[in-house]
Amino acid sequence: MTVKKAADDSPKNSPKEEKAKPTNESSLFNLYRYASKCDWVLLAIGAICAVVSGCGMPFMAILFAQISQSFVRITQVLNAGTDVTSAPSNTTALPYTMEQFNEEIVKYSLIFVGIGILMFITASLQVITFLRVCENMIHRLRADFFKAVLRQNIGWFDENQSGTLTSKLFDNIERIQEGTGDKVAQLIQQTGQFICGLIVAFVYSWKLTLIMMSLTPVMVLSSAFIAKMMAKAAARESAKYMRAGAIAEEVLTSVRTVIAFNGQKFEAARYNDALLGSKRDSIMKSFYMGFGMFTSLLVTFGSYGLAFWIGIVWVHDGEMDPATVMAVFFSVLLGSIALGQAGPNFAVIGTAKGSAGAVYEIIDRVPEIDAYSEEGEILSQVKGNIEFHDVHFSYASRPDIKILNGVSFKAKAGETVALVGSSGCGKSTSVNLMLRYYDAVGGRVTLDGHDITKLNLRKLRKIIGVVSQEPILFNCTIADNVKLGKDGATDKEVVDACKMSNAHDFISKLPDGYKTMVGERGAQLSGGQKQRIAIARTLISNPKVLLLDEATSALDAESESIVQAALDKAGKGRTMLIVAHRLSTIRNADKIIALKSGNIEEMGSHAELMAKQGLYYDLVTAQQFTDAVDGSVAVTTERQISKASNRKIERHVFERQSTRSIRSRLSSFTSGDVPFSRVGSIALTNNVVEEMIAEEDDIEKDRMKAELKMEGAQESNFLQIIKRARPEWCMMAVAATFSIGQGAVFPLFSLLFTEILNTFAKTGDEQISDGRIWSIMFVVLGLVQGGTALGSLFFFGYSAEKFTNRLRSLTFNNILRQDVAYFDNPTHASGKICTRLASDAPNIKAAMDYRLGSLLQAVSGLIVSLIIAFIFSWKMALLAIGIFPFGLIGEVFRGRFENSAHRDSTKLLEEAGKVAMEAIENVRTVQALTLEFKFLEKFDNFLEKPHRSSLTRAVIQGPCYGLANSIYYFLYASSFLFGAYLVRIGDTQSMNVLRSLFAIGFSSETLGLGALYFPGYRKARTAAGLLFKMLNEEPVIDSYSEGGAKPTISGNITFNSVHFAYPQRPGIRVLKGLQLTVQKGKTLALVGPSGCGKSTVIGLLERFYNPLDGTVMVDGSELKSINPAHMRKNIALVSQEPVLFDCSIRENIIYGLTESVTEEKILEAARLANIHSFVSGLPEGYDTRVGEKGTQLSGGQKQRIAIARALVRDPHILLLDEATSALDTESEKIVQEALDRAREGRTCVVIAHRLSTIINSDVIAVVRNGVVVEQGSHQELMAQKGAYFALTEKQNGKS
């Protein structure tokens, strides 16, 4: 029950015109503003545990150094040739025995186990505490934010779109959740690890530490530069694909217009051109990523080489022992790793601070008109006297444009006052001021002599009832919807209210009666049924003042008469303020006020104002029917015509309707003949929730699997994907070669590392020379690793991007080839197709991009490491193979649990999300009915279950993280113990134990990288199944076909016993033997109630569909035998909501034409359409961009450009589908003149609800239930006093 503003009566902010307002970033401390005292205690405990966890790795570095020292010393003993079972008693140079070696390894291994246990405990506690605190805070924050949003005034909502607010409720708060939970604990842990690592390194040797860190500035600067270049390339790529995505969305939401004007190939080329720009930037991004890896790896390995080059000299000179070198090396290495891991977490917290700033700004905002305010006077008794005292008003977004300019009028208690005038004159604004959606800039509005700004707002709104053009029903039962109008309403009161609104009869006939669910926005009901339920909801509270804002203008004649009767009954004994375009509905008003440009032009009763023959007279006569007598037109404004038979036909249609994208509803070809086109807003809610939960891979996978099932498609496989990528095979082969080479580097690194240790065991010049050779080899290894990484990333990126763009282009082209029935299918809603092009095509890329390189690298590394390990110690290799996978399993288990936890939480929050979005999208209705606290209570109830579930999961998630964080301590302890055992029994040389162990240990990291391929690959298989199915679709009516006859079209049309049902509702026949004929150059008008089959006729003529039975003939040829594109070239369509594309006016006029069009022809079409003068007056003339969907133009201007687009084709057949029904009186008059001029000399088929627009048609056919019930000229049908006569009577307000 929202109050709908007139077209120019409220601020229009195009999304492209809006500038993002800067929001203050929240401080880190302020992120936790919703933490309780208990929460702060838990945070302190968690922070201490995180610091302890961070210190674990540096202590592991010390242990590694000590164990390495032990292996070096035992190697020295073995190399000296002494007895390995005991040191000789007279030896002082090598006072080290096998027993000492064994004792040290056991001791250090036990310390490993002890630290592992401590790490498990602290890591578990840090996650549990931070997650519990986070869940508690976010629970409070969600409730507070939703409460704050519903509190805001309507003027604020004008500047903040509902989509933006729901995004903040979900996306922004989710960012805050990420930035206040376990990611903060991990950041503390990683920072602690970095600092502790540096401390350990500096304590052991500050000189060697500084040498190792000397190359760090080079890496930081190069990384920063590469990151900047990548960000720029990514931003350019995103912006350019956004252009391609915008083209796809624009085309698919207007696909009927594209098909009707043969624009498919033009749009496919436009989309492909946009893709080419994004491809170049994506390839550059791959290069920058590869070059960044090259630089980073070269510097990293270079620093290792430098450290050992100098360290070996110091060991040789006796300044340092091997343990110190190893301690510094491992401490700096692990500290650097921690710093790298901390980077993403810093970014997460930075994002959370920005998101919190935007959210807290809304929470802290106190609106000028506070919906929660308890202040203000409460009237003990309300009579209903309304008075406007010199009221001035302008919208905040357009303060220089006066909407009301000194308006003064009175509405006495019980009086009916009507406001009339053209769009933008201030009618709806007056209603908005009465409800205090806005406050007057000057003057005042009073109720019973009290300034309404001084009254209690909630009590004021309870006094006033509103019924608007587009009534909003909420997703609950009919009874519950009516009860929303009054707290504590009884079932009897509901029934009484429905009887008053003429709704009781149709509700009683529904299968579930008053317990019938109405669906999202009442989508399960017709417009008239929704309107009557909305009236009942208003009447149940017995309001003293009733505001009717265009309450019947969107209804057909039959529905309008029923609803108007309900409104007349509802108004008895109440003060009524009515806004109307259909002036026949307000003839009996006590006072009629004609507004123009914010001023009262005239005021009086209907008879008085008609006698004046002023503004109101002009408005009325423009809508009156005219009767042609002897070829002349006589205007009869007050002629009494005998009453039509009192037949009231009411269709009780209640069926489950298919959900379609909201964008499908904006198509140029919409009609009551297609009931499922009314449910667009359902898809908005669903699509918004889907888009927010799709960030998690598993949820996106669920979405794709559901769509795969609906499409009847099957998952693809790797070979099928690669087969489609045949043009990229050469580049992929080169990339694969680089990846395999890269995989061999880490096993070779383990050999280098053990050779360095072996060098420590040597003496004299040999130690120096060998040490320098192996130090240089680190740099060489860095060059190899960096070069192969660069080659792999670049060539895989290049081939994957080229494949993705080609796949997108081919898919989009094939989609545009399909017939309209394809797009009627809910699985092919524009939003879903756009998602597949934007998301699923890149998902397929995951099967063959750098992630495939990671898999090849892992496999290559595993093979090489196993070869090395088995060569040097097969026993050690078997142990390592047996236990190191547990480390990977621990990581996978943690990752899986976190993903499933997020998915479960999102699903549980979905119901709360629907409640929030329903309330925010319909906030005017919510505030008018003072339902804020009801929705808050409902929202809070839905939050409870996910909150409790999240707290439970936090207790489980902690140990999962603790296990992943500690398991390697236990694995290394086991490995070193077994290695020492092999050395002690003489089975394996000490260095060979380390070579075997490190070969597998160091390579296990690459296995983790390889495992990342499979989640993406699983998505790629599903996405490929969807897109390949779309690529292979064959249409029934092929828009690209060159087959079929191409005759010269004259314009003779015949429908012979045509039967038709929409493919999505095969059991419901829309046409049931329709018989129609229209001769060349004549005009046929089709009238009748919604759903009777009028617009279906146009759909069949445009070859959007084929009839089930019967034939459609054009110039004696069956329409199916004529080439579709050729036929459409000779037809032009002008619809109720004309679709203009986001390009210039000139490009819109010549849209879809393949041959060149002269400027003179464009100007001539514009003149015929009454638009040339307007366009010429624009600064850029015909080069003016019209904006998305023509948002820069008014309804009348868009309609006239659409007429020019039709006329420039010089069509032989002109189709007009409700071409003026959405316009106000003044705009309608101008457009109607253009249409009358356009019809001259052409066959014209017209559909109209406003019957005054078709009285001059050659033939008028009344269609009902899919057949023609009567036809003839206007005079003939009026004389028959049948169905047509009844319709005209209803629209003239006579009964």
Side-chain angles (χ1 to χ4, degrees), residues 254 256-257 259-261 556-557 667-674 1049 1051 1053 1055 1076 1078-1088 1090 1092-1104 1114 1127-1128 1130-1140 1148-1149 1151 1165-1166 1168-1171 1190 1195-1223 1227-1263 1271 1273-1274 1287:
S254 313
R256 287 175 172 79
T257 300
I259 293 173
F261 289 96
D556 60 75
S667 160
S668 65
F669 182 70
T670 54
S671 165
D673 298 333
V674 193
I1049 303 298
I1053 300 170
F1055 279 66
L1076 277 176
V1078 56
Q1079 299 298 320
K1080 170 187 174 183
K1082 300 295 183 182
T1083 296
L1084 166 69
L1086 301 175
V1087 299
S1090 295
C1092 68
K1094 305 184 300 296
S1095 292
T1096 302
V1097 171
I1098 286 180
L1100 293 175
L1101 284 173
E1102 282 280 6
R1103 283 295 304 281
F1104 289 164
V1114 176
M1127 189 65 212
R1128 290 166 188 155
N1130 288 276
I1131 296 177
L1133 171 67
V1134 182
S1135 58
Q1136 180 179 5
E1137 295 180 3
V1139 171
L1140 300 186
N1148 268 288
I1149 291 175
Y1151 181 78
L1168 285 171
N1170 281 351
I1171 194 65
Q1197 292 160 356
K1198 285 195 293 184
Q1199 196 66 283
R1200 283 177 279 159
I1201 290 173
I1203 294 169
R1205 178 174 62 191
L1207 295 181
V1208 79
R1209 286 159 167 71
D1210 194 18
H1212 294 90
I1213 300 172
L1214 185 62
L1215 308 177
L1216 306 177
D1217 187 6
E1218 306 280 5
T1220 63
S1221 65
L1223 305 177
S1227 301
E1228 179 183 17
K1229 184 178 179 182
I1230 298 169
V1231 171
Q1232 191 60 49
E1233 288 174 4
L1235 290 173
D1236 292 341
R1237 200 181 302 176
R1239 291 199 307 228
E1240 293 174 4
R1242 295 181 173 88
T1243 303
C1244 190
V1245 178
V1246 184
I1247 294 173
H1249 275 154
R1250 296 191 186 178
L1251 306 183
S1252 58
T1253 61
I1254 49 93
I1255 58 173
N1256 293 323
S1257 301
D1258 298 296
V1259 180
I1260 299 172
V1262 181
V1263 182
Q1271 60 181 315
S1273 67
H1274 171 71
L1287 290 173

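Numbering starts at 1 and runs along the sequence shown. Both backbone and side-chain heavy atoms feed into the values below; hydrogens, waters and symmetry mates do not.
- Legend: residues meeting side chain to side chain contact (heavy atoms under 4.5 Å, CB included) with Ala1166, ordered by chain and number and at least two apart, are Ile1171, His1172, Tyr1182.
- Atoms CD1 and OG, from Ile259 and Ser254 in turn, are 11.0 Å apart once rounded to the nearest 0.5 Å.
- Residues passing the side chain to side chain donor-acceptor pair (under 3.5 Å) test with Asn1130, sequence neighbours excluded: His1212.
- The shortest non-hydrogen separation linking Ile1131 to Glu1102 is CG2-OE2, 3.5 Å.
- In this structure, CE on Met1127 lies 4.0 Å from CD1 on Ile1213, to the nearest 0.5 angstrom.
- Note on Lys1094 versus Asp1217: no salt bridge recorded, every NZ/NE/NH1/NH2 to OD/OE distance being 4.0 Å or above.
- Rounding to the nearest 0.5 angstrom, the gap separating the CD1 atom in Ile1203 from the CG atom in Asn1170 is 8.0 Å.
- With values rounded to the nearest 0.5 angstrom, Ile1053 atom CD1 is found 11.5 Å from Leu1100 atom CG.
- Legend: residues meeting side chain to side chain contact (heavy atoms under 4.5 Å, CB included) with Ile1254, ordered by chain and number and at least two apart, are Ala1085, Val1087, Val1246, Ala1248, Ser1257, Ile1260, Tyr1284.
- Note: Ile1098 CD1 to Arg256 CZ = 12.5 Å, rounded to the nearest 0.5 Å.
- For Asp1258, the side chain to side chain contact (heavy atoms under 4.5 Å, CB included) criterion is met by Lys1082, Thr1083, not counting sequence neighbours.
- For the residue pair Ile1149 and Ala1204, the shortest heavy atom distance occurs at CG2-O, 4.0 Å.
- From Gln1271, atom CD reaches atom CG of Leu1086 across 9.5 Å, with rounding to the nearest 0.5 Å.
- With a 4.5 Å cut-off on side-chain heavy atoms, Leu1084 and Gln1079 do not count as touching.
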